[in-house]
Asks: 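Just passing along the structure, written as structure tokens.
All values below were derived from every heavy atom in this structure, side-chain atoms included, with hydrogens, water molecules and symmetry-related copies excluded.
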Amino acid sequence: QLQLVESGGGLVQPGGSLRLSCAASGMRLDGYPIGWFRQAPGKEREGVSCVSSSGGVKNYADSVKGRFTVDRDNAKSTVYLQMNSLKSEDTAVYYCAAVLCSEKTRASTMMTLYDSWGQGTQVTVSS
């Protein structure tokens with residue numbers, strides 16, 4: 001089963017940027033579509049973005065469209081989430097997971113392939 005590790009979170013001021021990374025532990029994630037999720041305190045986990053295994057399909061939730069960019073470097077077996085123009089409402093623990101990701105996928109409701117989650121990485125947007 002694919003095990004993923006998230007990194008790159010931190011504290012940033014509103015309007016700032018962060019880049020999150022998602023890597024596989026002990027194996028490569030090249031052949032997997034990968035999704036990013038987040039969970040804010042007291043809220044359910046929500047889908048943010050996904051990228052197909054080739055990188056040719058990318059979907060975003062409306063709340064992050066135009067501010068976040070998902071990308072992958074299969075040579076490095078890593079998926080990235082570039083987050084710009086961060087807002088306080090982006091504060092959450094961010095997770096990555098293997099998902100179903102096609103042109104018809106809605107990022108906000110995408111389905112994971114496995115029912116397991118990593119520890120995530122905390123993103124805090126605050127002045």
Asks: First locate atom SG of Cys96, then atom CG of Leu20, and finally report the distance between them rounded to the nearest 0.5 Å.
Replies: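 Interatomic distance, Cys96 SG to Leu20 CG, rounded to 0.5 Å: 9.0 Å.
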Asks: Are more than 12 heavy atoms from other residues, nucleotides or ligands located less than 6.0 Å from atom CD of Gln3?
Replies: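 Atom CD in Gln3 is not packed in, count stays at 12 or less.
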Asks: When you measure from the side chain of Thr78 to the backbone N and O of Ala23, does any donor-acceptor pair fall under 3.5 Å?
Replies: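 No; zero donor-acceptor contacts below 3.5 Å.
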Asks: Identify each donor-acceptor pair in which a side-chain atom of residues 48-56 lies under 3.5 Å from a protein atom, sequence neighbours left out, and give them as a table.
Replies:
unit_1: Ser49; atom_1: OG; unit_2: Asn59; atom_2: O; d: 2.8
unit_1: Ser52; atom_1: OG; unit_2: Gly55; atom_2: N; d: 3.4
unit_1: Ser52; atom_1: OG; unit_2: Gly56; atom_2: N; d: 3.2
unit_1: Ser52; atom_1: OG; unit_2: Val57; atom_2: N; d: 3.0
unit_1: Ser54; atom_1: OG; unit_2: Gly56; atom_2: N; d: 3.2

Asks: Does Thr121 reach the main-chain N or O of Gly9 with its side chain, forming a donor-acceptor pair under 3.5 Å?
Replies: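 Side chain of Thr121 to backbone of Gly9, a donor-acceptor pair under 3.5 Å: yes, one is there.
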Asks: State, with a plain yes or no, whether a side-chain heavy atom of Glu6 is found less than 4.5 Å away from one of Trp36.
Replies: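 Yes. Closest side-chain heavy atoms under 4.5 Å.
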Asks: Return the minimal non-hydrogen interatomic distance between Leu113 and Tyr32, and the atom names on each side.
Replies: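 Smallest interatomic distance, heavy atoms only, reads CD1-CD2, 4.4 Å.
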Asks: Mind checking who shares a hydrophobic cluster with Leu11, ILVMFWY linked at side-chain heavy-atom distances under 4.5 Å?
Replies: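 Hydrophobic cluster check, Leu11: no partners found.
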Asks: Which other residues belong to the hydrophobic cluster containing Val5, where Ile, Leu, Val, Met, Phe, Trp and Tyr are joined when side-chain heavy atoms lie under 4.5 Å apart, directly or via other members?
Replies: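 None; Val5 is a cluster of one.
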Asks: Check which hydrophobic residues are tied to Tyr80 through side-chain heavy-atom contacts below 4.5 Å, counting indirect links as well, and list them.
Replies: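 Noted: Tyr80 shares its cluster with no other residue.
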Asks: For Gln82 and Asp71, run side-chain contact (heavy atoms from CB on, under 4.5 Å): C-alpha distance rounded to whole Å, both residues' side-chain angles, the deciding distance at 0.1 Å, then the answer.
Replies: CA-CA 8 Å; Gln82 178 67 42; Asp71 208 348; over 6 Å; no
Asks: Check whether Arg38 reaches the backbone of Val123 with its side chain - one donor and one acceptor, N or O, closer than 3.5 Å.
Replies: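 Checking the backbone N and O of Val123 against the side chain of Arg38, no donor-acceptor pair under 3.5 Å is found.
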Asks: Give a yes or no on whether Met27 atom CE has more than 12 heavy-atom contacts from other residues, nucleotides or ligands under 6.0 Å away.
Replies: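 Correct, the count exceeds 12.
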Asks: To the nearest 0.5 Å, how far apart are CG in Leu86 and CG in Leu18?
Replies: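 Those atoms lie 5.5 Å apart.
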Asks: Would the distance check show the side chain of Thr112 and the main-chain N or O of Tyr114 forming a donor-acceptor pair, the cut-off being under 3.5 Å?
Replies: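 Looks like yes, one N/O pair under 3.5 Å.
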Asks: Please enumerate all residues that pass salt bridge (Lys or Arg N to Asp or Glu O under 4.0 Å) together with Arg106, with sequence neighbours excluded.
Replies: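 For Arg106, no residue satisfies salt bridge (Lys or Arg N to Asp or Glu O under 4.0 Å) once neighbours in sequence are set aside.
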Asks: Can you confirm whether Asp90 sits close enough to Arg67 that some side-chain heavy atom of one is under 4.5 Å from a side-chain heavy atom of the other?
Replies: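 When only atoms from C-beta onward are counted, Arg67 and Asp90 do touch, with a gap below 4.5 Å.
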Asks: Which heavy-atom pair separates Leu4 from Ala97 by the least distance, and what is that distance?
Replies: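 Smallest heavy-atom distance, with atoms named: CD1-CA, 3.5 Å.
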Asks: Can you name the nearest heavy-atom pair linking Ala61 to Gly47, along with the distance?
Replies: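 Reported closest heavy-atom pair: CB-O, 3.6 Å.
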Asks: With rounding to the nearest 0.5 Å, note down the distance linking OG in Ser17 to CZ in Phe68.
Replies: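 So the OG of Ser17 and the CZ of Phe68 are separated by 9.5 Å.
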Asks: Could you give the distance from CZ (Arg19) to CE (Met83), rounded to the nearest 0.5 Å?
Replies: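 Reported to 0.5 Å precision, the distance equals 11.5 Å.
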Asks: Inspect the surroundings of CD in Gln122 and state if more than 12 heavy atoms from other residues, nucleotides or ligands are less than 6.0 Å away.
Replies: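 Yes, the 6.0 Å shell around CD holds more than 12 heavy atoms from other groups.
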Asks: Going through the distances and angles, do Asp30 and Arg72 end up as a salt bridge (charged side-chain N to carboxylate O under 4.0 Å, His left out)?
Replies: CA-CA 9 Å; Asp30 301 9; Arg72 66 190 302 155; 5.7 Å; no
Asks: Hydrophobic cluster mates of Met110, side-chain heavy atoms under 4.5 angstrom, ILVMFWY only, any path?
Replies: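 Direct or chained contacts put Met110 with Phe37, Val93, Tyr95, Val99, Trp117.
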Asks: Between Ser88 and Ser126, is there a donor-acceptor pair closer than 3.5 Å when you use the side chain of the first and the backbone of the second?
Replies: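 Between the backbone of Ser126 and the side chain of Ser88 there is no qualifying donor-acceptor contact (under 3.5 Å).
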Asks: One pair to check against salt bridge (charged side-chain N to carboxylate O under 4.0 Å, His left out): Asp62 and Lys65. What are the steps and the verdict?
Replies: CA-CA 5 Å; Asp62 288 344; Lys65 202 170 292 183; 3.2 Å; yes
Asks: How far apart are the closest heavy atoms of Val125 and Thr91, and which atoms are they?
Replies: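 Heavy atoms only, the tightest pair is N-OG1, 2.9 Å.
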